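Structure first, then comments.
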Amino acid sequence: MEKLFKLKENNTTVRTEIFAGLTTFMTMAYIIALNPNLLTNFGADGGPQLWNGVFLATCIASAIGTFVMAFAANKPFVMAPGMGLNSFFAIVIANIVSITGLSYVESFQAGLCIILIEGIVFLVLSILNIREKIVDAIPLGIRLGIAPAIGIMLLNIGLGSNAGIYSETGGPFFVMRDFFGSLTPALAKTNMGGGYAQMVLTVVTMFIGLFVIIVLSHKGIKASVLLGMLVSSVIYWIGEGLFLGTNPFAALETASFVPAFGDMAATTLFKFNFSNIMQIGWFTVVTLIITFCIIDMFDTIGTLVGTASRAGMLDKEGNMPKMKEALTADAIGTITGALTGTSTVTTFVESASGVEAGGRTGLTSLTAGIMFLACLFIAPIAAIIPAAATSSALIYVGVIMLGGLKNVDFGDTTQLVPVALMLIAMPVSGSIGHAIGIGMISYSIIMMFTGRAKEVSALTYAISLIFLIKFFLIV
């Protein structure tokens, strides 16, 4: 392990790295089931065969991309099909169905062509160091603001969209909006109906887990995040049995632990249909490829820079060593995702939880990657981790990442304005890339009209222009 990952050089141990990898995996294990749900409308589109294919592709592509990150870049970052990008891909597939009249499976196979081309483009850009030059073109002030903006985003996920409750009155109901945002508890109970008791259990569990993490962290226990999640999981399971009258492990009784590789081979594995994708027109295809590229590129760059900043992996100029290898791993993950049958694979923002748990090397990502492969066989076990437990970790890590604001020069409007806009844009838009784009545009405009235009590189202006076109050009 020492020879592979240089543990002493990075001031870490095997035990710490494994705990960190498990922590990251548990905070993002939801993607295993959520990704196939989003891409198949919970199995309604394409049937169970396609759902099984996307499920297996999610595990395999996440593992392979993460393994490349571990061994090529030696960084504690974990990859999986990106949230937001998978929803966008599902919309694209639905549009292909409506335009061409193809079945959902045929349209899905056509859409995979876009993901494959995007991954190849990214691989070439990474090998030629073009993506690394794009990273260098992001102004230092914006780089410093990425980590706290991601912190706000994690807080928003943890208190907002991560733990949704459904009931006979509808849903999803969320903690911040529907529980704390309700005028009175009576009104919240009326709105949520039978889901109110589960919401109360979720809120209590979430904050108990959060405070357990804080206390353990204060005592210097590096596995505090993982232990806090385990404590909150146990509390939630007990609460389900005592107060909700449900068996938290009921799903395990009928669960299948045998991977459906036959379904994957029939629906998604190497199933590219280039003739069908051209039915929507070459201009639309090119536009979609560019759109996926822009979102994926800056989501990945933002996550890498923001998380590396929190881990102390950036140099004085705000650059991360082995950025090229990390970006190459991202590209390989996306290509693998296309080959196996899922949307764009990218570096997950939840990697910050593993970094906070002490992860500093590729052994963290290797551990998480092994867990993804294990989920080919033990997915039902990963699925019983309650969302309230992962919310505890996301909230804690989000708060910690806010500390990066101390590095921002609030007296300099060229830093303050872009960072402020990113702080609100990232959680509201749900896209790290879009938030960076808004920050880049505002930075370029401020520099131009304050007499400092010559201090900005041509590539920075070009990136800002690309985002302007993306935001405002209707195609």
Side-chain angles (χ1 to χ4, degrees), residues 20-21 23-25 27-28 31 62 65-66 68-70 73 75-86 122 126 131-132 134-135 138 142-158 292-314 318-334 337 343-357 359-360 362 364-365 368-369 393-394 397-398 400-402 404 419 422-423 425-427 429-440:
T23 299
T24 298
F25 173 77
T27 59
M28 59 186 289
I31 194 65
S62 300
T66 302
V68 177
M69 180 71 75
K75 300 298 180 185
F77 307 126
V78 182
M79 285 181 285
M83 291 299 296
L85 286 164
N86 51 12
F122 269 175
S126 299
R131 287 180 81 182
E132 196 168 3
I134 292 174
V135 176
I138 299 176
I142 294 179
R143 292 191 211 179
L144 293 174
I146 290 174
I150 290 176
I152 293 287
M153 186 177 184
L154 290 176
L155 281 167
N156 186 55
I157 294 171
F292 273 103
C293 281
I294 293 173
I295 298 174
D296 183 25
M297 179 182 295
F298 286 93
D299 274 8
T300 300
I301 290 172
T303 301
L304 289 174
V305 172
T307 308
S309 173
R310 174 59 197 165
M313 295 178 181
L314 302 184
N319 299 315
M320 185 185 82
K322 290 198 171 183
M323 176 64 82
K324 175 181 178 180
E325 289 82 353
L327 294 173
T328 300
D330 178 82
I332 291 174
T334 294
S343 55
T344 304
V345 173
T346 186
T347 306
F348 247 54
V349 69
E350 281 84 354
S351 298
S353 62
V355 168
E356 194 55 40
R360 293 295 182 271
T364 292
S365 46
L394 294 173
V397 175
I400 296 300
M401 293 189 75
L402 275 176
V419 170
M422 286 197 302
L423 286 173
M426 205 170 288
S429 70
S431 170
I432 296 173
H434 285 178
I436 293 175
I438 292 172
M440 294 283 285

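Note that the coordinates shown come from a computational prediction; the quantities given were computed from them, not determined experimentally. Computed over heavy atoms, backbone and side chain alike; hydrogens, waters and symmetry mates excluded.
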Polar side-chain atom of [X] near backbone of [Y] as donor-acceptor pair, under 3.5 Å:
X: T24; Y: G21; result: no
X: T347; Y: M79; result: no
X: R131; Y: M297; result: no
X: R360; Y: M313; result: no

Over all heavy atoms of both residues, which pair between [X] and [Y] is shortest? Give the atoms and the distance, please.
X: F298; Y: I436; value: O-CD1, 3.4 Å
X: I295; Y: H434; value: CG1-NE2, 3.8 Å
X: I150; Y: T303; value: CD1-CA, 4.0 Å
X: L154; Y: A352; value: CD1-CB, 4.3 Å
X: S126; Y: T328; value: CB-OG1, 3.6 Å
X: L394; Y: G158; value: CB-CA, 4.2 Å

Open item on the list: What I want to check is whether the side chains of T300 and T346 have a donor and an acceptor closer together than 3.5 Å.
Closed with: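 Yes, a side-chain donor-acceptor pair sits under 3.5 Å.
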- [ ] Establish, from distance only, whether the side-chain atoms of D296 and T344 form a donor-acceptor pair under 3.5 Å.
- [x]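 No donor-acceptor contact under 3.5 Å links the two side chains.
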Open item on the list: Test side-chain contact (heavy atoms from CB on, under 4.5 Å) on I31 and F348; report intermediate values, then the result.
Closed with: CA-CA 10 Å; I31 194 65; F348 247 54; 3.9 Å; yes
Approximate separation, where rounding is to 0.5 Å, of [X] [atom1] and [Y] [atom2]:
X: S62; Y: M28; atom1: OG; atom2: CE; answer: 6.0 Å
X: M69; Y: T364; atom1: CE; atom2: OG1; answer: 12.0 Å
X: I294; Y: D299; atom1: CD1; atom2: CG; answer: 11.5 Å
X: M153; Y: I146; atom1: CE; atom2: CD1; answer: 12.5 Å
X: L327; Y: I301; atom1: CG; atom2: CD1; answer: 6.0 Å
X: T23; Y: E356; atom1: OG1; atom2: CD; answer: 10.5 Å

Open item on the list: Working note: I152 + L402, criterion side-chain contact (heavy atoms from CB on, under 4.5 Å); need CA distance, chi angles, decisive distance, verdict.
Closed with: CA-CA 7 Å; I152 293 287; L402 275 176; 3.6 Å; yes
Open item on the list: For a side-chain contact (heavy atoms from CB on, under 4.5 Å) check, start with the C-alpha distance between T27 and V397, then their side-chain angles and the critical distance, and finish with the verdict.
Closed with: CA-CA 11 Å; T27 59; V397 175; over 6 Å; no
Open item on the list: side-chain contact (heavy atoms from CB on, under 4.5 Å), that's the test. Do M323 and V305 meet it? Break it down for me.
Closed with: CA-CA 9 Å; M323 176 64 82; V305 172; 4.0 Å; yes
Heavy-atom side-chain contact between [X] and [Y] under 4.5 Å:
X: I438; Y: M422; result: no
X: E350; Y: V78; result: no
X: F77; Y: L304; result: yes

